[in-house]
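Below is one structure, written out as structure tokens, with a few remarks after it.
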2 protein chains.
Amino acid sequence: MTDFMRIGELSERAGVTPRTVRYYESLGLIPRGEREGNGQHYYTKETLKHLRKIDQLKSLGLSLEEIRDVSIIYFNDTNDKNVIKIKAKHKILEILRQHLASTNQKMDALQEFRNDLLANIEYFEQLIMDHQK
Amino acid sequence: MTDFMRIGELSERAGVTPRTVRYYESLGLIPRGEREGNGQHYYTKETLKHLRKIDQLKSLGLSLEEIRDVSIIYFNDTNDKNVIKIKAKHKILEILRQHLASTNQKMDALQEFRNDLLANIEYFEQLIMDHQK
DNA sequence: CGTAAACATTACGTTAACGTAAACGTAAAC
DNA sequence: GTTTACGTTTACGTTAACGTAATGTTTACG
């Protein structure tokens, strides 16, 4: 198991371009791949997971900035969390709660949208059936 | 009940700017407000509903183009639908099914995200409690 | 009836999230 | 051991979804 990969493999397996990987690095969304003396950067499967999670959250309509808000959930381990100061913890909690609220709203809206889709799919299926006989 | 309003009232009640209304008109996302001889446009409550629905779908991560895809659900009445040709009906059905599939995926992802949020909110609440005693 | 507030139209500006090209070093394959 | 593919850095380009400013017209108000 070759646990290290270069940016080409990483980006391909994540379904993004190298440019996107570098862009996310520049935003601090993912850790910078370590270099080995030469100029090249090497990444692990962890980074791959991060990229996939980012893609998922993006599909939910979160901006990269919002993803950075909640990235503490996915991209910091427990050790790091203990280092966070008490004031920051309150701030984080507040942000998480805000995201929870908007997530709840989105779930409701999505449910409604899904019902609308289902109803209309049925409706158009019927229209086509009627046309065929 | 003054059923007609101008762009100022419409946009304010929809929580958008006049610019946004005109932009959506230019994309064919909402019907152009009718004019009364003079230059001004008048809108109905229907258009207000459309704007609110668009806003909701946008919050779900749909682009304006995707919203136009599914706008037949909200913005065409049954009469109009009967005018659509059979070939177009198949096309619409295909698009609706694609949106259903991605909506299902989003629901799952959203559910997962919500759980992550909840777990972390609990976790940070605990951290703060520990700190207080 | 004059004047301020609202509307219309046109056009250039802005931001997020990358794309793309250039110019150069590195690695892989033959 | 040299082509050929891959990586790095820098910088300008692009698209969606509007913002904003300018200029002229229309409406509302005292």
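Chain A is the first sequence line, chain B the second, and so forth, proteins listed ahead of strands; every chain is numbered from 1. Excluded from the calculations below are hydrogen atoms, water molecules and symmetry mates; all remaining heavy atoms, backbone and side chain alike, are included.
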Do any side-chain nitrogens or oxygens of [X] fall under 4.0 Å of OP1 or OP2 in [N]?
X       : N      : answer
B:Arg35 : D:dT25 : no
B:Tyr24 : D:dC18 : yes
A:Ser26 : C:dA17 : no
A:Lys58 : C:dC18 : yes
B:Asn38 : D:dT27 : yes
A:His41 : D:dT8  : yes

Under a 3.5 Å cut-off for both contacts, is D:dA5 paired Watson-Crick or G-U wobble with anything, and if yes, with which nucleotide?
C:dT26

By nearest-nucleotide position on DNA chain C, the 5'-leaning member of A:Gln40 and B:Arg22 is B:Arg22

Judged by nearest nucleotide, the residue sitting upstream toward the 5' end of DNA chain D, A:Tyr43 or A:Arg19, is A:Tyr43

Establish, from distance only, whether the side-chain atoms of A:Gln40 and A:Arg35 form a donor-acceptor pair under 3.5 Å.
no

So, [X] and [Y], do they make that salt bridge, N to O below 4.0 Å?
X        : Y       : result
A:Glu125 : B:Arg97 : yes
B:Glu112 : A:Lys53 : yes
B:Glu46  : B:Lys49 : yes

Got a donor-acceptor pair under 3.5 Å from the side chain of A:Arg6 to the base of D:dG7?
no

Taking the side chain of A:Thr17 as its heavy atoms from C-beta onward, which of C:dG19, C:dA11, D:dT8 lies nearest to it?
C:dG19

